[in-house]
Q: 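Supplied in structure tokens, the structure appears directly below.
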Amino acid sequence: MDQMVEIVDVSKSFDKVRAVKSANLSLQRGDFLTIVGPSGCGKTTLLRMIAGFDAPDTGKIRINGREVENTPAHKRSIGMVFQKLALFPHMSAAENIAYPLKMRRFQFDTIPDLVEKYLHLVKLDGLGKRYPHELSGGQQQRVAIARALSFSPDLLLLDEPLSALDRKLRNEMQLEFRRIQQELGVTTINVTHDQREALIMSDQIVVMNEGIIQQAGTPVDMYRNPENMFVANFIGVTSMLKGVVCGSGKNSVSVKIGDATVTARANGEEIAIDAAVDCAIRAEQIRIMDIDSNVGDDFDNAVDGIIKQRIFEGDRVLYAVQADELGGAMLHLFDHDPNSHNEYPINQRVKLGWNSRDLFAFPAETVK
Amino acid sequence: MQSRNSKNIPASWKLLDLAERLLVTIWPARLNKYVGWGFLLPALLLVGILLIGLGYIIEYSFHELDLATYRLKAEYSLTNYHTFINRPVYLHILGRTMLASIIVTIITLILAFPYAYMLVRTRSAMMRKFLLIALFLPFFIGQVVRAYGWLIILGKQGFVNSILTSIGLPELDLIYNFQAIVFGLIQYMLPFAILLIIPAITSISEDFELASEGLGANWVSTFRHVVLPMAKPGLVGSFVVVFTLTMTDFAMPEILGGGTSDFIANAIYDSFFQISNPGLGAALSVLLVAIGSIIVTAIFYFAGTGTLGIRQKTR
């Protein structure tokens, strides 16, 4: 498979603040990549460099096999959807979609057909004459994506265009963007701070923090095999436990947390005895049980705890449980299917069970 | 809980309480819906008085001067308007005023737009400060003082001519002509135009320009298809202001024109105070107001009510 985007050792500073530090990533033709990270992590800077709005200080950016550092934005073949959409308010939806076609000197008589085609693609047939302010938020999103795609760019960039929508519409538009992307097979880079969006939409995910790429991989990989605490913490609801290694192997370590010793998964590198580690476990991997339950064969770890917080989320209940055995550490966990269960009240003593393969151990401060 | 002890309340609070009670007695809450009109009243009064003055001027304009008594005759006539039409000098002055207004307005807008754009978009704080100071400095110098300043620089023995003669070039006639007036007016109008364009450019997020660029437009196309149309309200606003200010200007043609290139305002002044014909002066004033109003109305009609931020449909 050929590479559509290759970013090699790209760095960028603004006024001595390093926004992106030697980033490397590559993206295959037709793939959907999401760069995810908290605000200020450098993801937007990276996107703007790909678009050509900022120049990297060092490093190479190749798009469709060509190095583009010296190519101005208007000569690159990139469609971008902005966070605030930036639909031209003095042009109708159709004129907005036709704009890149006119600017890129498409044959004049093909333009109306292309506009119709892309209006149809985003399901806005017949709304071409409307002006942006006459369209709903979701319809504006659709015009923005049609405008970014109408000239068949090599690459589509999405700069958090969905962040301003309400949750329901956002979920709808996520699937819609993905459908359009797959229908056209256009290579796409999406930037977001919403880890759920990253998991739902992408073929590939890149997690960034403080200008550094923390991990790159498929959504499943990112979820199942986080390489460091930041990634483990960023995706999903995760509890963090601080401990000390008391027995070590390549794939599993024994960690002393508080008074208890638990087995955790290591990611391939042996950690020295007595080294400090951070352990992480996802809320959905912990099961809550009555205090006198028999854990049995389902779980190979169990501790007692006291419920400190209980949040009803409709389809699940989020509990925060303090485990004295683990040095008073707070564990967060979900209880799905609240109907058939006891709803445990606050201050109730409960038993928690999990499997050691779901507890990740990282050398302390592995956040790059 | 602390008990409410009036000793603990600061004196300024008590004063405010008193003021509030007083206000309630003289302005009961049910009158609150008229508060807006109350605030509008001074402005309405001011405009009203202006309208009364205008009424008097219109009235004057229909009375001919009695050359025997040097008073306006009692009977109504159109003589003053006939004078305007029949004496080529007045049509000539009107034409000159209109021509100067158009030239000054267009050149001013062309100069003001890049300045305002630079001021809004520059990333350098130093640059922005410099441009702001350079913008506001002229406001501290009145129009008459500025015109005299140009006399000193451009006059017969002025700064420019002394340089020219010192390097062996002949003296130039730089003042007391039409070009000098246009030059002085542009220099005077520029800050107004810039101030009116700045908010228009500020309201255009830089994203629109980046979006246009990303979609394949170079900066010329971006300027033409995105920046200019989106800045239209500010441009129309400053067009109207500069045009009307120029059309009614008195000091620049008086001082820099030296009587060689009068505008209507100078002709009105002369009618009232030099040839003592208030009827003719009033007629010229009425014409000036009428022409100005027609032009402004036409501009707003064709440019739409979206200008000046007044929108019929808000979103």
Side-chain angles (χ1 to χ4, degrees), chain A residues 14-15 44 47-48 50-54 71-91 95-106 131-137 140 143-161, chain B residues 113 117 120-129 197 199-237 239 299-315:
Chain A
F14 294 107
D15 299 331
T44 296
L47 199 76
R48 287 170 62 97
I50 298 169
F53 301 143
D54 281 320
T71 312
H74 69 272
K75 297 227 167 101
R76 299 186 187 188
S77 179
I78 295 174
M80 181 151 167
V81 182
F82 285 77
Q83 186 165 16
K84 290 183 180 143
L85 304 185
L87 292 176
F88 303 128
H90 56 293
M91 297 182 199
E95 284 165 343
N96 265 286
I97 297 169
Y99 187 80
L101 302 171
K102 285 176 185 155
M103 292 301 130
R104 286 168 191 271
R105 307 272 181 275
F106 275 56
Y131 282 83
H133 71 270
E134 297 167 327
L135 295 168
S136 72
Q140 291 180 9
V143 176
I145 193 163
R147 182 179 73 173
L149 289 171
S150 65
F151 57 102
S152 309
D154 286 344
L155 185 62
L156 174 66
L157 303 180
L158 309 173
D159 183 12
E160 305 201 47
Chain B
F113 199 90
Y117 186 86
V120 173
R121 288 283 192 260
T122 181
R123 289 187 207 286
S124 148
M126 278 290 287
M127 186 70 172
R128 185 171 298 118
K129 267 180 210 149
I197 294 173
I201 293 175
T202 310
S203 72
I204 307 171
S205 151
E206 211 174 351
D207 275 0
F208 288 106
E209 288 169 53
L210 292 179
S212 168
E213 216 183 309
L215 292 168
N218 57 26
W219 73 266
V220 181
S221 302
T222 298
F223 181 79
R224 220 186 100 204
H225 297 293
V226 176
V227 179
L228 215 48
M230 287 181 76
K232 201 175 91 177
L235 282 171
V236 172
F239 187 98
I299 290 172
F300 281 143
Y301 181 79
F302 288 113
T305 43
T307 52
L308 298 182
I310 308 158
R311 275 173 197 269
Q312 283 166 330
K313 232 194 298 179
T314 49
R315 214 196 108 83

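A note on names: the letters A, B, ... follow the listed sequences, proteins ahead of strands, and every chain is numbered from 1. All heavy atoms count here, side chains included; hydrogens, waters and symmetry mates do not.
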Q: Might you point out which heavy atoms bring Gly214(B) and Arg104(A) nearest each other, and give the distance in Å?
A: O-NH2, 2.9 Å

Q: Quick one: are Lys102(A) and His225(B) in side-chain contact, heavy atoms under 4.5 Å?
A: no

Q: State, to 0.1 Å, how close Ser212(B) and Tyr99(A) come at their nearest heavy-atom pair, and which atoms those are.
A: OG-OH, 2.7 Å

Q: Between His74(A) and Asn218(B), what is the shortest heavy-atom contact and its length?
A: NE2-CB, 3.7 Å

Q: Can you name the closest pair of heavy atoms from Leu215(B) and Met103(A) and give their distance?
A: O-CB, 4.1 Å

Q: If you count heavy-atom pairs under 4.5 Å with chain A, which of Asp207(B), Ile204(B), Leu210(B) comes out on top?
A: Leu210(B)

Q: Under a 4.5 Å heavy-atom cut-off, does chain B meet the side chain of Arg48(A), its backbone, both or neither?
A: side chain

Q: With a 4.5 angstrom heavy-atom cut-off, is it the side chain or the backbone of Ser205(B) that approaches chain A, or both, or neither?
A: neither

Q: Does any heavy atom of chain B fall under 4.5 Å from the side chain of Leu87(A), the backbone, both, or neither of them?
A: backbone

Q: Taking the inter-plane angle between the rings of Phe208(B) and Phe88(A) on a 0 to 90° scale, is it parallel (under 30°), tilted (30 to 60°) or perpendicular (over 60°)?
A: tilted

Q: Is the count of non-hydrogen atoms from other residues, nucleotides or ligands lying under 6.0 Å from Arg121(B) atom CZ greater than 12?
A: yes

